[in-house]
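A short write-up of the structure that comes next.
In the text below, chain A, chain B and the rest are named by the order of the sequence lines, each starting its count at 1. Every heavy atom of this structure was used, including side-chain atoms; hydrogens, water molecules and symmetry mates were not.
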There are 2 protein chains.
Amino acid sequence: MASARQIAGPCQEWPEDSVFIREVLDRIGDKWTVLAIGTLSAGTLRYSDLHASIPGISQRMLTQTLKHLERDGLITRTAYAEVPPRVEYELTDLGRSLMDAVTAMARWAAAHHSEIARNRAASELTGVGRGKVAVSASAD
Amino acid sequence: MASARQIAGPCQEWPEDSVFIREVLDRIGDKWTVLAIGTLSAGTLRYSDLHASIPGISQRMLTQTLKHLERDGLITRTAYAEVPPRVEYELTDLGRSLMDAVTAMARWAAAHHSEIARNRAASELTGVGRGKVAVSASAD
DNA sequence: CTGCATCCTAGATGATACTG
DNA sequence: CAGTATCATCTAGGATGCAG
């Protein structure tokens, strides 16, 4: 009678979308990208402003993050040939659209973080990895 | 006279939302979580099914990923006291809601990956980090 | 001011072997 | 089958110093 139960068929082949999502997550999944984008969503900012607005970020990481974002066309970088140097960063339309997507994720996060925190706390008590233990009801 | 230009004020304080988004990204930002959730979106699957459905994942990573997802209440784990052992994993409602959010991100990714790829390729040619070079119009 | 080069550590991931 | 344990590796990220 029916192969055991409603077991979903394994999808050996991942759709192209999952390839794309991995690329995006590789970009925004790091420690600073989202913060940088979020900060720039307020408008044009220069390097030192960003550095000040993102507490804890090192120059190395800020520079790297901005480079990556610029490379992907999510922000623009404008250097002014002055002394001392001045460089301004700004979100592109593409960057803003990503910001929207991130905002959507943030909404989900805001809506469920307490539930997750609760689950996590509960797991601490019961011990994770135990899960439910069902009795083997399958006749035999 | 207007401080230089329309420079956005640095937001020293990040809203709570960005804290939440970081938590979520810390979870789905890793290499396998999204793939695991995506695979489970098809329905209930057992350990070996997941292992087979996610090419390249090691037992170690699969186990760890599943543990984390279970801990956060995104999936349920049901062990059957049989021999050989059988363990089934399934998305919870919370997990499904996250899947929806991820799907939204995937849509963004699918819609813009080509543009990003194009930008990235273009940057390779011109050299990233150069950005625009504006002339210093500020008198003096 | 705006970076870049270098060194260094912690954590994430992979490979492999072993167990209930 | 469904993990656990251990070791090896790789890389993100932080700290620091130098440069245009």
Side-chain angles (χ1 to χ4, degrees), chain A residues 4 7 10 22 25-36 44-71 75-90 127-134 136 138, chain B residues 4 7 10 22 25-36 44-71 75-90 127-134 136 138:
Chain A
I7 298 294
R22 281 266 65 226
L25 287 174
D26 282 342
R27 175 105 339 286
I28 70 172
D30 66 49
K31 201 171 178 181
W32 304 109
T33 296
V34 168
L35 291 175
T44 301
L45 287 173
R46 47 192 297 185
Y47 187 87
S48 52
D49 290 332
L50 284 163
H51 198 198
S53 298
I54 308 176
I57 195 172
S58 62
Q59 290 185 323
R60 172 184 161 75
M61 282 300 104
L62 178 55
T63 300
Q64 184 179 101
T65 301
L66 292 172
K67 266 193 194 299
H68 286 161
L69 289 174
E70 187 199 358
R71 185 190 60 164
I75 66 174
T76 58
R77 175 183 184 278
T78 308
Y80 294 87
E82 307 172 341
V83 38
R86 177 164 56 100
V87 180
E88 293 183 350
Y89 294 91
E90 187 176 17
V128 188
R130 201 62 42 75
K132 290 182 298 185
V133 177
S136 172
S138 16
Chain B
I7 298 292
R22 280 267 50 186
L25 287 175
D26 282 343
R27 177 107 337 287
I28 71 172
D30 65 47
K31 202 171 179 181
W32 304 109
T33 296
V34 167
L35 291 175
T44 301
L45 286 172
R46 44 196 297 186
Y47 187 87
S48 51
D49 291 331
L50 283 164
H51 198 199
S53 298
I54 308 176
I57 195 172
S58 62
Q59 289 186 321
R60 174 182 159 75
M61 281 300 104
L62 178 55
T63 300
Q64 184 178 101
T65 300
L66 292 172
K67 267 192 197 299
H68 287 160
L69 289 174
E70 187 198 359
R71 184 190 60 165
I75 66 174
T76 59
R77 175 184 184 277
T78 309
Y80 294 86
E82 308 171 340
V83 40
R86 178 164 53 101
V87 180
E88 294 184 350
Y89 293 92
E90 188 176 16
V128 187
R130 200 62 40 76
K132 291 181 296 184
V133 177
S136 169
S138 19

Does a nitrogen or oxygen in the side chain of [X] sit under 4.0 Å from OP1 or OP2 of [N]?
| X | N | answer |
| --- | --- | --- |
| A:Tyr47 | C:dC4 | no |
| B:Arg86 | D:dA2 | no |
| A:Thr63 | C:dT2 | no |

Five pairs at each end of the helix from C:dC1-D:dG20 to C:dG20-D:dC1: take the axis at both ends and give me the angle between them to 10°.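 Taking five pairs per end, the axes differ by 40°.
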For the [atom1] atom of [X] and the [atom2] atom of [Y], what is their distance to the nearest 0.5 Å?
| X | Y | atom1 | atom2 | result |
| --- | --- | --- | --- | --- |
| A:Thr44 | A:Tyr89 | OG1 | OH | 12.5 Å |
| B:Glu90 | B:Thr76 | CD | OG1 | 5.0 Å |
| A:Thr65 | A:Ile54 | OG1 | CD1 | 7.5 Å |
| A:Ile57 | A:Leu66 | CD1 | CG | 7.0 Å |
| B:Gln64 | B:Leu69 | CD | CG | 10.5 Å |
| A:Ile75 | A:Lys67 | CD1 | NZ | 10.5 Å |

Once base and sugar-phosphate atoms are separated, protein heavy atoms under 4.0 Å mark nucleotides 14-20 of chain C, 5' to 3', with B, S and - as BB-B--B
Using atom [atom1] of [X] as one end and atom [atom2] of [N] as the other, report the distance to the nearest whole Å.
| X | N | atom1 | atom2 | value |
| --- | --- | --- | --- | --- |
| A:Tyr89 | C:dC1 | OH | P | 14 Å |
| B:Arg22 | D:dA12 | CZ | C1' | 12 Å |
| A:Arg77 | C:dT2 | CZ | C1' | 8 Å |
| B:Lys67 | D:dA5 | NZ | C1' | 13 Å |
| A:Glu70 | C:dC4 | CD | P | 10 Å |
| A:Gln64 | C:dT6 | CD | C1' | 14 Å |
| A:Leu66 | C:dC4 | CG | C1' | 14 Å |
| A:Asp30 | C:dG11 | CG | P | 18 Å |

Kindly list each side-chain donor-acceptor pair under 3.5 angstrom involving residues 29-36 of chain A, sequence neighbours excluded, with atom names and distances?
unit_1, atom_1, unit_2, atom_2, d
A:Asp30, OD1, A:Trp32, N, 2.9
A:Asp30, OD1, A:Thr33, N, 2.8
A:Asp30, OD1, A:Thr33, OG1, 2.9
A:Asp30, OD2, A:Thr33, OG1, 2.6
A:Thr33, OG1, A:Arg27, O, 3.0

Check your understanding: Counting N and O atoms only, with roles assigned by atom type, does the side chain of A:Tyr47 sit under 3.5 Å from a partner on the main chain of A:Gln59, one being a donor and the other an acceptor?
Key ->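 Yes.
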Between B:Asp49 and B:Arg46, does a side chain to side chain contact (heavy atoms under 4.5 Å, CB included) hold up when you go through it step by step? CA-CA 5 Å; B:Asp49 291 331; B:Arg46 44 196 297 186; 2.9 Å; yes
